[in-house]
2 protein chains.
Amino acid sequence: MSLDPDMFPSYCPSSVPVRIGDKWTGMVIRCLEGGPRRFGELRVPLRRVTPKVLTETLRAMERDGLVTRTAHDENPPRVVYELTGLGRGLLPLIDAVGTWCENNLDALLRARERHQGLRPTAPAMQ
Amino acid sequence: MSLDPDMFPSYCPSSVPVRIGDKWTGMVIRCLEGGPRRFGELRVPLRRVTPKVLTETLRAMERDGLVTRTAHDENPPRVVYELTGLGRGLLPLIDAVGTWCENNLDALLRARERHQGLRPTAPAMQ
DNA sequence: CGGCCCAGTTTCCTTGAAGTGACCGGCGGG
DNA sequence: CCCGCCGGTCACTTCAAGGAAACTGGGCCG
């Protein structure tokens with residue numbers, strides 16, 4: 001997997017309207033699809049995630065058994081994250097979501113366009 | 001579809017760890033799977049949703065073209081919500097999520113159990 | 001007149017996720 | 001001697017989602 005910085009455009013399908021877990025879990029899983037990665041390697045494609053939030057996401061995923069965290073006692077430090085079988089099992093789901101978005105996001109956005117101004121959050125019904 | 005009040009146990013798989021859209025969208029789609037329903041009919045199985053939040057959810061889904069809203073000019077008022085083709089297309093996705101959760105939620109919760117106390121949100125690394 | 005019905009609305013509040021920017025510790029290199 | 005590297009941490013703020021509870025409006029029934 002290439003570490004394309006733009007692999008998640010600002011307009012990421014997996015955030016509208018379908019999300020996996022919290023905001024970044026799905027993207028982390030995708031980043032780890034091709035094999036183990038270090039913290040800093042995850043930050044390259046996930047450049048819109050601050051280290052704090054990335055840490056939190058990875059901690060939660062570790063807690064849930066979706067990834068393993070291996071800290072090598074070297075210098076400078078090296079920490080490697082890897083998908084577990086459980087985490088890998090989410091890949092088909094994420095792919096399905098991605099496919100749905102590819103096929104239907106246009107229709108959704110067109111619908112959203114049509115409803116501009118109509119029936120806002122607090123519509124003046126009468 | 002029966003309007004079983006307990007069709008969504010407090011422990012709903014679709015909220016841990018995979019969510020569709022906002023908190024309630026997935027459940028609304030499931031509720032509408034069997035055909036059009038009125039606002040009050042949605043409130044029965046979705047009893048943990050307050051009317052305000054249900055309205056917001058339905059408005060967002062309408063805006064995104066997932067449901068249609070039909071207000072009949074009668075008294076007392078009657079408003080019917082129905083899945084569009086777009087919304088119906090999310091059903092396989094939701095089913096896939098449900099299946100994954102059925103198969104893997106135990107493993108996830110066991111992992112979560114194991115990590116109790118270990119590596120909290122702010123671990124004392126050194 | 002006084003409720004009741006449905007489908008919401010309105011106001012207020014809590015919670016938690018996410019973001020910002022500064023900082024840390026140990027070591028190897030210049 | 002100080003800088004940068006890595007993988008974070010810390011304190012602080014912001015923002016939106018969600019929830020609780022009371023209220024609305026206009027017919028219709030008694």
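Below, chains carry the letters A, B, ... as their sequence lines are ordered, and counting in each starts from 1. Heavy-atom basis, side chains included; hydrogens, waters and symmetry copies ignored.
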Checklist entry - B:Pro77 has a side chain; which of D:dG7, D:dG8, C:dA7 sits nearest to it? => result C:dA7

Next on the checklist: Looking only at the side chains, is there a donor atom on one of A:Tyr81 and A:Arg37 sitting less than 3.5 Å from an acceptor on the other?
Outcome noted: no

Checklist entry - Atom CZ of B:Arg38 to atom P of C:dG8: distance rounded to whole Å? => result 10 Å

Checklist entry - Is the phosphate of C:dG8, meaning OP1 or OP2, less than 4.0 Å from a side-chain N or O of B:Arg78? => result no

Checklist entry - To the nearest Å, how far apart are B:Arg69 CZ and C:dA7 C1'? => result 8 Å

Checklist entry - Less than 4.5 Å apart, any side-chain heavy atom of B:Glu82 and any of B:Arg69? => result no

Checklist outcome for this item: B:Leu58 atom CG is separated from C:dA7 atom P, nearest whole Å, by 11 Å

Item to check | Derivation and outcome, side-chain contact (heavy atoms from CB on, under 4.5 Å), residues A:Trp24 and A:Leu54 | outcome: CA-CA 8 Å; A:Trp24 301 108; A:Leu54 183 53; over 6 Å; no

Next on the checklist: Just the rounded figure in Å: distance from P of C:dT9 to CG of B:Leu54.
Outcome noted: 11 Å

Next on the checklist: Please report the distance, rounded to the nearest Å, between CD in A:Glu74 and P in C:dG28.
Outcome noted: 12 Å

Any N/O pairs under 3.5 Å between the protein and nucleotides 27-30 of chain D? List them or say none.
none

Next on the checklist: Do B:Thr25 and B:Asp22 make a side-chain contact, defined as non-hydrogen atoms from C-beta onward lying under 4.5 Å apart?
Outcome noted: yes

Checklist entry - If every non-hydrogen atom of B:Ala107 is compared with every non-hydrogen atom of A:Leu86, which pair is closest and at what distance? => result CB-CD1, 4.1 Å

Item to check | Heavy-atom side-chain contact between A:His72 and A:Val79 under 4.5 Å | outcome: no

Checklist entry - Rounding to a whole Å, what distance do you find between B:Glu56:CD and D:dA16:P? => result 13 Å

Next on the checklist: Using OP1 and OP2 only, check whether a side-chain N or O of B:Arg43 sits under 4.0 Å from C:dG8.
Outcome noted: no

Could you list the protein-to-nucleotides 19-22 of chain C atom pairs, N/O on both sides, closer than 3.5 Å?
from, atom 1, to, atom 2, distance (Å)
C:dG19, N7, A:Lys52, NZ, 2.7
C:dG19, O6, A:Lys52, NZ, 2.3

Checklist entry - CD of A:Glu62 versus P of D:dG7: gap in Å, rounded? => result 15 Å

Checklist entry - Taking only N and O in the side chain of B:Arg47, is any of them less than 4.0 Å away from OP1 or OP2 of D:dG19? => result no

Next on the checklist: Quick one, B:Arg30 with B:Asp95, criterion side-chain contact (heavy atoms from CB on, under 4.5 Å). Give me CA distance, side-chain angles, the key distance, then yes/no.
Outcome noted: CA-CA 9 Å; B:Arg30 269 228 191 281; B:Asp95 287 345; 2.9 Å; yes

Checklist outcome for this item: Separation of D:dC6 atom P from A:Tyr81 atom OH, nearest Å, is 15 Å

Checklist outcome for this item: Closest of C:dA18, D:dC6, D:dG7 to the A:Phe39 side chain is D:dG7

Checklist entry - Is A:Leu83 close to A:Leu66 at the side-chain level, that is, under 4.5 Å between some pair of heavy atoms? => result no

Item to check | Side chain to side chain, B:Phe39 and B:Val80, heavy atoms closer than 4.5 Å | outcome: no

Item to check | Contact under 4.0 Å: B:Arg59 side-chain N or O vs C:dT9 OP1/OP2 | outcome: yes

